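Have a look at the structure below, then the notes.
So you know, we letter chains A, B, ... as the sequences are listed, proteins then strands, and number each from 1. Since we're looking at a predicted model, the values are computed, not measured.
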Amino acid sequence: MASAGADELSTIARVHATYFCAARNLFSPPKSMTLSAQIKCLSTDALQVLFPDAALDSSQVTVNLTKPEFSGHYTVVLFPFVKALRMKPADLGKQLGDYLLAHSTLFSAFETVSGFLNLTIQDAYWPGFLLNNFNNTQYGEAPKQDYRVMLEYSSPNTNKPLHFGHLRNNFLGFAVSNILKAQGQQVVMANLVNDRGIHICKSMVAWQQYGQGATPESTGQKGDHLVGDYYVRFNDAYKAEVAALVAAGKDQALAEKEAPIMQAAQDLLRQWEAGNTEVRKLWEMMNGWVYQGFNKSYQRLGIHFDKYYYESDTYLLGKKIVESGLKNGVLFQKEDGSVWIDLTADGLDQKLLLRGDGTSVYMTQDIGTARLKYEDYKLNQSIYVIADEQNYHMQVLKLIMQKLNEPAAAGIYHLSYGMVELPTGRMKSREGTVVDADDMMDEMIRLAQEQTVAAGKTEGFSQTELDTLYETIGLGALKFYLLRVEPKKKMIFDPKESIDLHGYTATFIQYAHARICSILRRENLPLLPDRSHFQNFTHTQSLSKGEAALLILLEQYPAMMATAALEYNPSVLCNFAFTVAQSFNSFYDDHSITKAENEEKKLLRLMMIILTAQVLRHSMNLLGIRLPEKM
RNA sequence: GGCCUCGUAGUUCAAUGGAUAGAAUAGAAGUUUCCUAAACUUUAGAUACAGGUUCGAUCCCUGUCGAGGCUACCA
């Protein structure tokens with residue numbers, strides 16, 4: 001898991017290193033490189049020319065953004081060279097700065113402060129940048145490549161509705177899929193439905209015993225919620241039975257095993273696996289209810305899948321692979337007939353792959369699915385979006401696949417994320433202490449409506465438009481809230497405190513976007529005007545600090561996207577879009593656009609805000625967040 | 001017990017080994033005859049603890065303390 005990530009990172013690092021070294025085309029790095037990369041390239045070459053004996057290479061060159069309290073935009077860190085070259089930082093900075101200024105048109109000034117060389121990007125850089133990109137809907141994306149990756153996400157159990165924790169999984173999987181697509185990869189979004197097993201049998205037993213034929217139609221209840229209620233019902237009954245047995249003098253462990261309703265559930269599972277027609281019919285009916293419910297939720301969440309896998313279809317393949325592994329001697333059988341793999345040599349434990357009664361476990365089915373996925377799409381990589389409680393499971397899966405000599409093994413990567421917890425601890429659907437996903441969506445939309453009305457912002461909208469707006473704001477806030485934290489960190493959500501619509505939120509970004517659209521409407525311009533509108537643009541005046549700050553940010557978008565993709569980390573885009581919106585708001589505050597000082601400034605700023613809106617839309621749309629044109 | 005995460009302002013989150021640790025929110029003080037004040041400006045406030053490596057450590061290493069997860073013939 002961590003090691004897979006590290007491998008990936010070091011591979012990319014190597015690619016970059018060779019790229020920079022190969023870019024020996026002195027002082028004319030490719031235009032397609034980001035500013036930061038160009039500066040790194042230029043600085044490396046300059047250092048090698050100035051100090052040929054020092055054997056410096058690009059891996060030692062660090063380029064950062066200049067802190068706002070200093071003048072300049074990008075900073076080269078000089079400390080690493082000071083010792084090797086036996087020079088004072090100020091002297092080194094002066095030499096390097098002079099050289100860069102003399103040999104590149106990128107910079108207009110430099111300043112050395114302690115061990116940092118602060119470089120100022122020439123104003124003349126920006127007109128070309130803007131004209132090339134301001135209305136480019138693909139700005140930030142990378143070219144298509146023949147790299148096939150599957151993202152498995154959502155992967156629900158069919159015995160209960162989605163809860164708040166599942167939402168993190170769904171948003172994360174959807175967002176990362178889109179980010180990788182934007183990076184040119186060919187992505188299959190897959191959903192592996194855990195449709196069989198003891199969990200659904202529990203709901204089935206409870207429904208048989210207490211349901212009296214209830215259906216979604218007869219109760220008016222969403223199917224997944226209906227089935228989920230019987231799952232809770234099962235556990236209530238189970239607890240009562242265990243308590244009764246214990247009160248009658250039974251040992252706790254024995255009581256848990258012998259409780260009649262549990263035995264009934266296990267009996268159902270055996271009948272299911274034996275293909276009992278009645279059981280299969282009940283199973284199909286109740287799963288069908290759940291799928292109807294899930295589909296409604298998915299639709300509302302705005303997520304979708306290219307491919308569904310069902311555990312009931314793959315577990316037999318898993319069994320087959322396990323059986324052949326047994327023949328090969330990779331696996332072994334215990335006296336009771338159960339099948340195991342011994343991973344103690346790898347520092348792990350022995351792992352069960354088939355029960356003594358021949359029924360399969362979770363791992364068995366995962367083995368089958370992994371092979372099936374690989375054969376279906378000839379994948380370069382297979383990413384599993386699964387909570388970190390399954391880190392061990394995924395580590396073992398990959399290892400078993402390797403030992404079984406399955407070609408799918410190499411591409412398996414676990415995108416592990418921290419669980420969403422309540423202030424009181426984990427959500428437990430068995431105990432009914434969950435924040436329901438559907439309820440959460442309702443609540444967010446309600447909140448959006450309440451605050452929109454309170455702010456008096458409903459003028460000029462039809463009721464349909466308002467409903468759409470509330471949903472855009474409410475669901476946007478929900479998605480942003482769950483995506484803005486780095487995936488691997490766990491997060492705590494307190495239902496008593498509603499999700500904010502101010503500050504570091506989707507609403508903030510949506511508002512900046514709406515403001516830009518408002519300006520464009522005023523100017524009778526579409527969101528993405530034709531380049532001919534700016535044919536007369538010439539650059540003669542220097543940029544203000546606010547203009548330069550926003551441009552520096554916008555230029556970083558492709559690099560940010562690449563980072564988000566490399567780290568499988570949508571929070572990078574949340575952070576970036578928020579910073580852009582923040583920078584725009586400040587800019588907006590002390591620069592007039594429609595009433596700019598002169599035509600040149602007006603055209604410049606129009607291009608800037610058009611690109612700003614484009615970047616905000618592009619980044620947020622990847623996360624499944626829509627930006628309204630009016631709010 | 002073993003293995004793996006994680007401890008940063010009151011709170012929620014940032015910070016490829018680089019400058020005086022950044023935001024948001026809550027707190028304090030301001031801004032609207034001017035393109036949307038769901039905004040902007042100013043202000044106060046934090047690296048759990050102890051060592052080590054380094055020119056430089058929130059980041060890497062060791063130990064202590066604290067939180068969580070895994071270690072099922074559950075999924």
B/A37 OP1/OP2 closer than 4.0 Å to side-chain N/O of A/K457: no
Nucleotide opposite B/U62 in a Watson-Crick or G-U pair, distances under 3.5 Å: B/A50
Whether A/F70 stacks on the six-membered ring of B/A19 base, 5.5 Å and 30° limits: yes
A/S586 vs B/U41: side-chain N/O to OP1/OP2 distance below 4.0 Å: yes
Partner nucleotide of B/A19 by Watson-Crick or wobble geometry (both distances under 3.5 Å): none
Length of the line joining A/F584:CZ and B/C40:C1', which is rounded to integer Å: 12 Å
Residue matched to B/G1 through Watson-Crick or wobble contacts both under 3.5 angstrom: B/U71
Side-chain touch A/Y392/A/L348, heavy atoms, less than 4.5 angstrom: yes
Distance-only donor-acceptor test, A/T75 side-chain atoms vs B/A19 base atoms, 3.5 Å: yes
For B/A24, the Watson-Crick or wobble partner whose two distances fall under 3.5 Å: B/U11
Integer angstrom distance from the P of B/A26 to that of B/A39: 10 Å
Under 3.5 Å donor-acceptor, A/R515 side chain and A/N585 backbone: no
B/U54 and B/G1, which share atom name P, separated by this distance in whole Å: 34 Å
Side chain of A/V361 (C-beta onward), nearest among B/A75, B/A38, B/C35: B/A75
Nucleotide opposite B/C40 in a Watson-Crick or G-U pair, distances under 3.5 Å: B/G30
Between B/A24 and B/A46 - C1' atom distance, rounded Å: 15 Å
Contact under 4.0 Å: A/T507 side-chain N or O vs B/A38 OP1/OP2: no
Heavy-atom check, side chain of A/N575 versus side chain of A/V572, under 4.5 Å: no
Quick one: which protein N/O atoms are closer than 3.5 Å to N/O atoms of nucleotides 52-54 of chain B? Pair and distance per line, please.
none

Listed nucleotide nearest any side-chain atom of A/F508, set B/G18, B/C40, B/A19: B/C40
Rounded distance in Å between the P positions of B/A44 and B/G52: 34 Å
A/N159 (side chain) and B/A75 (base): donor-acceptor pair under 3.5 Å: no
Side-chain-base donor-acceptor pair under 3.5 Å for A/K490 and B/U5: no
A/H502 vs B/A39: side-chain N/O to OP1/OP2 distance below 4.0 Å: yes
Test item: A/L520 and A/I516 side chains (from C-beta on) under 4.5 Å apart, heavy atoms: yes
Contact under 4.0 Å: A/R484 side-chain N or O vs B/U25 OP1/OP2: no
